[in-house]
Amino acid sequence: MENRMQSIADRLEADDITIQLIEECAELIQACAKLIRAYKGTTPVSVSQARANFVEEMADVSVAQAAAMLGVMRPDEQEAMFTTEAAKA
């Protein structure tokens with residue numbers, strides 16, 4: 001998978017990768033809100049449909065995030081990100 005992500009990152013400019021990540025995050029936010037409303041019964045969308053959309057958007061964000069790590073962040077920034085998060089845990 002990393003080779004596929006690296007191939008995507010190599011073909012796109014950093015700003016295109018970042019824009020894609022922004023768009024995918026926005027879609028995930030909408031899917032989260034829709035899932036909450038589905039649980040509450042305040043939307044015509046079923047819980048199963050809302051969950052399926054949520055899972056799809058989570059996957060899209062994960063792919064975009066991986067591409068951003070490879071295409072936008074330097075290796076030292078990637079390492080620092082994981083080191084910082086590990087220290088918080």
Worksheet item: Going by the salt bridge (charged side-chain N to carboxylate O under 4.0 Å, His left out) test, which pairs reach into residues 17-26, not counting sequence neighbours?
Response: none

Worksheet item: Heavy-atom distance under 4.5 Å between the side chains of D60 and E57, does that happen here?
Response: yes

When the side chains of residues 65-82 are checked against the rest of the protein, which donor-acceptor pairs come out under 3.5 Å, sequence neighbours left out?
{"from": "R74", "atom 1": "NE", "to": "D76", "atom 2": "OD1", "distance (Å)": "3.0"}
{"from": "R74", "atom 1": "NH1", "to": "E77", "atom 2": "OE2", "distance (Å)": "3.4"}
{"from": "R74", "atom 1": "NH2", "to": "D76", "atom 2": "OD2", "distance (Å)": "3.1"}
{"from": "E77", "atom 1": "OE1", "to": "R74", "atom 2": "N", "distance (Å)": "2.8"}
{"from": "Q78", "atom 1": "NE2", "to": "M69", "atom 2": "O", "distance (Å)": "2.5"}
{"from": "Q78", "atom 1": "NE2", "to": "M73", "atom 2": "O", "distance (Å)": "3.3"}
{"from": "E79", "atom 1": "OE2", "to": "T83", "atom 2": "OG1", "distance (Å)": "3.4"}

Worksheet entry | Rounded distance (nearest 0.5 Å) linking atom CG of D16 with atom CZ of R11 | 12.0 Å

Worksheet entry | Results of side chain to side chain donor-acceptor pair (under 3.5 Å) for D15 - residues two or more places apart only | none

Worksheet entry | Side-chain heavy-atom pair I22, T18 within 4.5 angstrom cut-off | yes

Using a 3.5 Å cut-off and no angle test, enumerate the donor-acceptor pairs between side-chain atoms of residues 26-42 and protein atoms at least two apart in sequence or in another chain.
{"from": "Y39", "atom 1": "OH", "to": "R51", "atom 2": "NH1", "distance (Å)": "3.3"}
{"from": "T42", "atom 1": "OG1", "to": "R37", "atom 2": "O", "distance (Å)": "3.4"}

Discussion item. Hydrophobic clustering (ILVMFWY, side-chain heavy atoms < 4.5 Å, transitive) - are V63 and I19 grouped together?
Written reply: no

Practice prompt. Not counting sequence neighbours, which residues clear side-chain contact (heavy atoms from CB on, under 4.5 Å) with S48? List them please.
Written response: S46

Worksheet item: Between V61 and L21, what is the shortest heavy-atom contact and its length?
Response: O-CD1, 4.2 Å

